[in-house]
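Just below is one structure, and these are the notes that go with it.
These numbers were taken from a predicted model, which means no experiment stands behind them. If you read the sequence from its start, that first residue is 1, and numbering goes on from there.
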Amino acid sequence: MTKVELDELDKKILNLIVDNARKPFLEVARECNVSGAAIHQRVQKLTKTGVITGSEFMLDNEKIGYETCAYMGIYLKNPEQFPDVTDSLMEIPEVVECHYTTGQYDLFIKIYAKNNQHLLSIIHNKLQPLGLARTETLISFKEAFKRHLPVSDD
């Protein structure tokens, strides 16, 4: 994957919109001392080059009924399982992230469940049938913080 060269204006724009994709371009333009059209063109360029991959609304998982957040390390029986297991994990709506990892786990996933009983049901009814060697689960009590990476030269 090729790194995209960003100038100072690109970096400033990204830092202004990363936490609020709905921030009006005219407001960004005022903070950058350029025209709204310049911001629009830069955002289009950043989207076309793949630096910006979309925008989304973030849901409060607890407010929609998902009180349990868990992280699970997955051990596969053999490496040939990667494609089938990741395809199967994509079909489980409660699995919101899946990462190939180094270290002790083959895969590391993030799961949201309505409660601990629901989590147990997901593990028994949706994950165990995938033929995994074993799993290790960590339940998150509370997210301390979440942030985006700053766009800088460092």
Side-chain angles (χ1 to χ4, degrees), residues 1-6 10-25 27-28 31 39-40 42-154:
M1 193 174 291
T2 308
K3 181 181 174 190
V4 176
E5 292 299 320
L6 303 174
D10 291 331
K11 293 173 189 174
K12 188 167 186 177
I13 292 167
L14 290 169
N15 283 318
L16 289 169
I17 66 172
V18 71
D19 288 321
N20 181 4
R22 296 181 68 182
K23 188 170 196 164
F25 283 176
E27 191 176 322
V28 175
E31 292 185 47
I39 299 299
H40 182 68
R42 291 294 185 113
V43 169
Q44 280 186 322
K45 176 192 86 168
L46 292 165
T47 301
K48 188 178 276 187
T49 59
V51 173
I52 297 174
T53 58
S55 60
E56 60 187 26
F57 290 102
M58 302 303 295
L59 302 176
D60 183 321
N61 297 306
E62 286 187 27
K63 289 184 180 172
I64 61 169
Y66 289 84
E67 296 179 1
T68 300
C69 173
Y71 295 88
M72 180 179 290
I74 296 175
Y75 298 87
L76 300 177
K77 287 182 181 174
N78 59 55
E80 293 85 37
Q81 286 182 279
F82 275 105
D84 292 336
V85 170
T86 53
D87 287 348
S88 295
L89 290 170
M90 280 285 287
E91 299 300 317
I92 303 171
E94 296 89 352
V95 176
V96 297
E97 290 182 29
C98 178
H99 302 267
Y100 292 100
T101 63
T102 61
Q104 61 182 342
Y105 308 121
D106 295 310
L107 295 168
F108 198 72
I109 63 174
K110 183 177 183 180
I111 303 171
Y112 280 102
K114 294 177 189 267
N115 51 43
N116 288 349
Q117 190 61 39
H118 183 219
L119 177 61
L120 184 62
S121 172
I122 293 167
I123 292 168
H124 284 192
N125 301 325
K126 295 181 179 182
L127 295 173
Q128 285 180 347
L130 301 179
L132 311 176
R134 67 185 182 101
T135 62
E136 286 186 22
T137 305
L138 304 165
I139 293 178
S140 170
F141 289 129
K142 180 180 178 185
E143 183 176 274
F145 67 88
K146 182 177 181 176
R147 63 178 166 206
H148 294 282
L149 290 171
V151 182
S152 65
D153 292 326
D154 300 341

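- A salt bridge links D10 with K45: at least one charged nitrogen is closer than 4.0 Å to a carboxylate oxygen.
- To the nearest 0.5 Å, atom CD of residue E97 and atom OH of residue Y112 are 7.5 Å apart.
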Between C69 and I111, is a side-chain contact (heavy atoms from CB on, under 4.5 Å) present by the stated rule, with each step listed?
CA-CA 6 Å; C69 173; I111 303 171; over 6 Å; no

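- Taken from NE2 in H118 to CD1 in I123, the straight-line distance is 11.0 Å, to the nearest 0.5 Å.
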Take D84 and L130 through the test side-chain contact (heavy atoms from CB on, under 4.5 Å) and record every step on the way to the result.
CA-CA 9 Å; D84 292 336; L130 301 179; over 6 Å; no

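- In plain terms, the two heavy atoms of Y71 and S140 that are nearest each other are CE1-CB, 4.1 Å.
- The two residues H124 and P129 come nearest to each other via the heavy atoms O-CD, 3.5 Å.
- Of the possible donor and acceptor atoms, none in the side chain of E27 sits under 3.5 Å from a partner among the backbone N and O of P24.
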Verdict with supporting geometry, T86 and L107, side-chain contact (heavy atoms from CB on, under 4.5 Å):
CA-CA 9 Å; T86 53; L107 295 168; 4.0 Å; yes

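- With values rounded to the nearest 0.5 angstrom, D19 atom CG is found 11.5 Å from L14 atom CG.
- No donor-acceptor pair under 3.5 Å is formed between the side chain of N61 and the backbone N or O of Y66.
- Taken from CG in D106 to NE2 in H99, the straight-line distance is 15.0 Å, to the nearest 0.5 Å.
- Between N116 and T68, the side chains place a donor N or O and an acceptor N or O closer than 3.5 Å (distance only, hydrogens not considered).
- With values rounded to the nearest 0.5 angstrom, F82 atom CZ is found 13.0 Å from D87 atom CG.
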The test is salt bridge (Lys or Arg N to Asp or Glu O under 4.0 Å); show your working for E94 and K114 and say whether it passes.
CA-CA 9 Å; E94 296 89 352; K114 294 177 189 267; over 6 Å; no

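- Here I74 contributes atom CD1 and T135 contributes atom OG1; the two are 7.0 Å apart, rounded to the nearest 0.5 Å.
- Ring geometry for Y75 against Y105 counts as perpendicular: the plane angle is over 60°, on a 0 to 90° scale with 30° as the lower cut.
- For the pair K23 and E31, the salt-bridge criterion is met [side-chain N within less than 4.0 Å of a carboxylate O].
- Here the closest non-hydrogen pair linking I13 and R42 is CD1-CB, 3.6 Å.
- When all heavy atoms of L119 and A113 are compared, the closest pair comes out as N-CB, 3.6 Å.
- Salt bridge annotation for E5-K3: absent, with no cationic side-chain nitrogen under 4.0 angstrom from a carboxylate oxygen.
- In this structure, D60 and I64 have side chains that are not in contact, with every pair of non-hydrogen atoms separated by 4.5 Å or more.
- Checked by atom type and distance alone, the side chain of T53 never pairs as donor or acceptor with a backbone atom of G50 at under 3.5 Å.
- Remark: F141 CZ is loosely packed, at most 12 non-hydrogen atoms of other residues, nucleotides or ligands lying under 6.0 Å away.
- Around atom CD of Q117, no more than 12 heavy atoms belonging to other residues, nucleotides or ligands sit under 6.0 Å away.
- By the 4.5 Å heavy-atom criterion applied to side chains, V96 and I109 are not counted as neighbours.
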